[in-house]
Amino acid sequence: MIAIRSTLFMVYAFFWSLATIPLVMFSALVLRGLWGYRAGKLWRLGIQAGVENLLGIRPRVIGLENMPAEPCVILAKHQSAWETMTIQDYVPNGAYCVFVLKKELLRIPLLGWGLAAMKMISIDRKAGRDALDQVVNQGRERLQQGFYVIIFPEGTRVAPGQTKRYKAGGAYLAARVGCKVVPIAHDAGELWPRQAFLKKPGQITMSIGPAFDATGMSEQQVNQRAEAWIEAEMRRISPHRYSDATTGQS
């Protein structure tokens with residue numbers, strides 16, 4: 001049954017993207033303004049309908065009251081494609097989100113073209129420190145325009161129970177701009193593993209942590225605070241993945 005669900009979803013997602021990505025590109029490049037983001041939301045909501053009704057994956061959200069009413073930097077755990085869509089549902093007042101992503105993703109047929117048209121914050125990882133300046137310059141502009149900025153500080157999808165080094169990009173942006181930061185933990189990888197065709201039905205828990213103001217903080221302090229909360233919360237929502245969470249060891 002899981003194989004059938006997953007196959008139906010992939011077929012549905014392909015044809016839905018084929019039908020809507022051109023609309024995203026037309027809206028962003030021709031109509032301009034927020035039209036590209038509106039069309040992008042249409043694409044996303046269609047995909048999420050498939051996630052819920054074909055895959056049988058549904059969210060359980062904790063801490064929604066922690067999401068600030070003003071644009072901020074969201075630092076989130078990254079385990080699958082699920083969170084890239086679902087986090088956007090929980091920013092207030094119908095606001096839109098942009099992501100910090102590597103330039104290579106913009107070359108992916110359909111999805112990458114849509115991301116490029118919507119002016120996501122793209123960086124060249126090979127640029128070193130200059131890449132951080134790219135994040136700040138583009139990120140400050142997006143925040144001023146009213147967008148929430150979503151960043152996955154580990155830089156890539158990680159399997160449940162694993163942690164990679166938290167990179168400086170999101171913390172650097174928040175510290176330089178002086179905005180609020182919201183940490184998010186979730187267990188999406190339990191049902192939607194990285195690069196896995198088969199996706200299991202069930203409930204994904206997403207926990208939104210308390211926002212904190214990065215004004216006056218260093219990028220290291222921002223990263224340390226966000227990482228400490230996210231990794232502690234991961235042990236709470238996925239204790240079976242961590243030996244110290246089940247044994248009480250530190």
Side-chain angles (χ1 to χ4, degrees), residues 1-17 43-63 74-90 97 99-102 104-112 114-115 120 125 150-167 169-170 183-209 226-227 229-246:
M1 189 61 179
I2 291 177
I4 295 174
R5 282 176 175 264
S6 298
T7 301
L8 288 174
F9 172 74
M10 290 300 293
V11 172
Y12 166 78
F14 173 78
F15 283 105
W16 177 251
S17 298
W43 171 84
R44 177 174 60 82
L45 292 177
I47 295 294
Q48 287 176 277
V51 171
E52 293 194 7
N53 297 304
L54 295 177
L55 294 178
I57 295 175
R58 299 181 182 277
R60 167 180 173 255
V61 180
I62 303 170
I74 297 171
L75 299 181
K77 195 74 176 174
H78 197 18
Q79 293 186 350
S80 74
W82 179 89
E83 61 272 12
T84 64
M85 297 180 290
T86 307
I87 289 174
Q88 299 180 67
D89 286 335
Y90 298 100
C97 300
F99 292 85
V100 175
L101 46 82
K102 56 186 179 181
E104 293 84 345
L105 292 178
L106 304 183
R107 302 192 193 106
I108 299 174
L110 296 180
L111 177 60
L115 292 174
M120 297 294 168
R125 286 184 172 182
I150 300 175
I151 302 176
F152 302 113
E154 290 168 289
T156 187
R157 286 170 287 183
V158 296
Q162 296 183 9
T163 301
K164 289 187 179 293
R165 181 179 66 85
Y166 279 49
K167 296 178 174 61
I184 292 182
H186 61 83
D187 59 356
E190 300 285 352
L191 303 182
W192 188 323
R194 177 185 179 183
Q195 297 178 342
F197 174 76
L198 297 179
K199 303 165 183 65
K200 296 180 290 187
Q203 180 176 262
I204 291 174
T205 297
M206 184 172 76
S207 182
I208 303 172
E227 180 177 5
W229 187 89
I230 290 172
E231 296 306 322
E233 186 68 357
M234 289 304 303
R235 284 162 170 76
R236 192 183 73 81
I237 63 179
S238 299
H240 60 290
R241 293 290 184 177
Y242 302 89
S243 59
D244 58 337
T246 55

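Separating the CD1 atom in I151 from the CG atom in L101 is a distance of 10.5 Å, to the nearest 0.5 Å. We find the CZ-CD distance between R60 and Q203 to be 6.0 Å, quoted to the nearest 0.5 Å. The line from OH of Y90 to SG of C97 is 12.5 Å long, rounded to the nearest 0.5 Å. Expressed to the nearest 0.5 Å, how far CD1 of I87 lies from CD1 of I150 amounts to 5.0 Å. Taking CZ of F197 as the start and CD1 of I2 as the end, the distance is 11.5 Å to the nearest 0.5 Å. One distance of note links CD1 of I230 with CZ of R235; it measures 12.0 Å at 0.5 Å rounding.
The minimum heavy-atom distance between P59 and W82, with the atom names listed, is CB-CZ2, 3.6 Å. When all heavy atoms are compared, the tightest approach of A188 to S80 is CB-OG, 3.4 Å. For the pair F9 and I47, the tightest heavy-atom approach, listed with the atom from each and the gap, is CE1-O, 3.8 Å. Contact detail for L55 and V51: the closest heavy-atom pair is CB-O, 3.1 Å. Nearest heavy-atom pair, Q195 versus R157, reported as atom, atom and distance to 0.1 Å: CG-NH2, 4.1 Å. Nearest approach of L198 to S6, heavy atoms of both residues: CA-OG, 3.5 Å.
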Practice prompt. Go through the steps for I62 and T205 under the test side-chain contact (heavy atoms from CB on, under 4.5 Å), then give the verdict.
Written response: CA-CA 8 Å; I62 303 170; T205 297; 3.7 Å; yes
Worksheet item: Could you go step by step and tell me if R58 and I204 meet the side-chain contact (heavy atoms from CB on, under 4.5 Å) rule?
Response: CA-CA 6 Å; R58 299 181 182 277; I204 291 174; over 6 Å; no
Discussion item. Between L54 and R5, is the side-chain contact (heavy atoms from CB on, under 4.5 Å) condition met? List the steps.
Written reply: CA-CA 6 Å; L54 295 177; R5 282 176 175 264; 5.8 Å; no
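Side-chain atoms of R236 do not come within 3.5 Å of backbone N or O of A232 as any donor-acceptor pair. Of the possible polar contacts, none joining the W229 side chain to the P183 backbone as a donor-acceptor pair under 3.5 Å is found.
At most 12 heavy atoms of other shown residues, nucleotides or ligands fall within 6.0 angstrom of atom CE in M10.
Counting heavy atoms from C-beta on, the side chains of Q48 and D89 come closer than 4.5 Å.
Residue H78 forms a ring-ring contact (aromatic ring centres under 6.0 Å, His included) with just one option from F99, W192, F152, Y166, and that option is F152. When the options K200, K199, R241 are evaluated for a salt bridge (Lys or Arg N to Asp or Glu O under 4.0 Å) with E190, the one that passes is R241.
For the side-chain hydrogen bond (donor to acceptor under 3.5 Å, both in side chains) test, no residue two or more places apart in sequence or in another chain qualifies with T84. R194 meets the side-chain hydrogen bond (donor to acceptor under 3.5 Å, both in side chains) test with no other residue; sequence neighbours excluded.
Remark: D187 does not engage K77 in a salt bridge, criterion side-chain N to carboxylate O under 4.0 Å.
Side-chain contact of E154 with T163: a donor-acceptor pair under 3.5 Å is absent, judged by distance alone.
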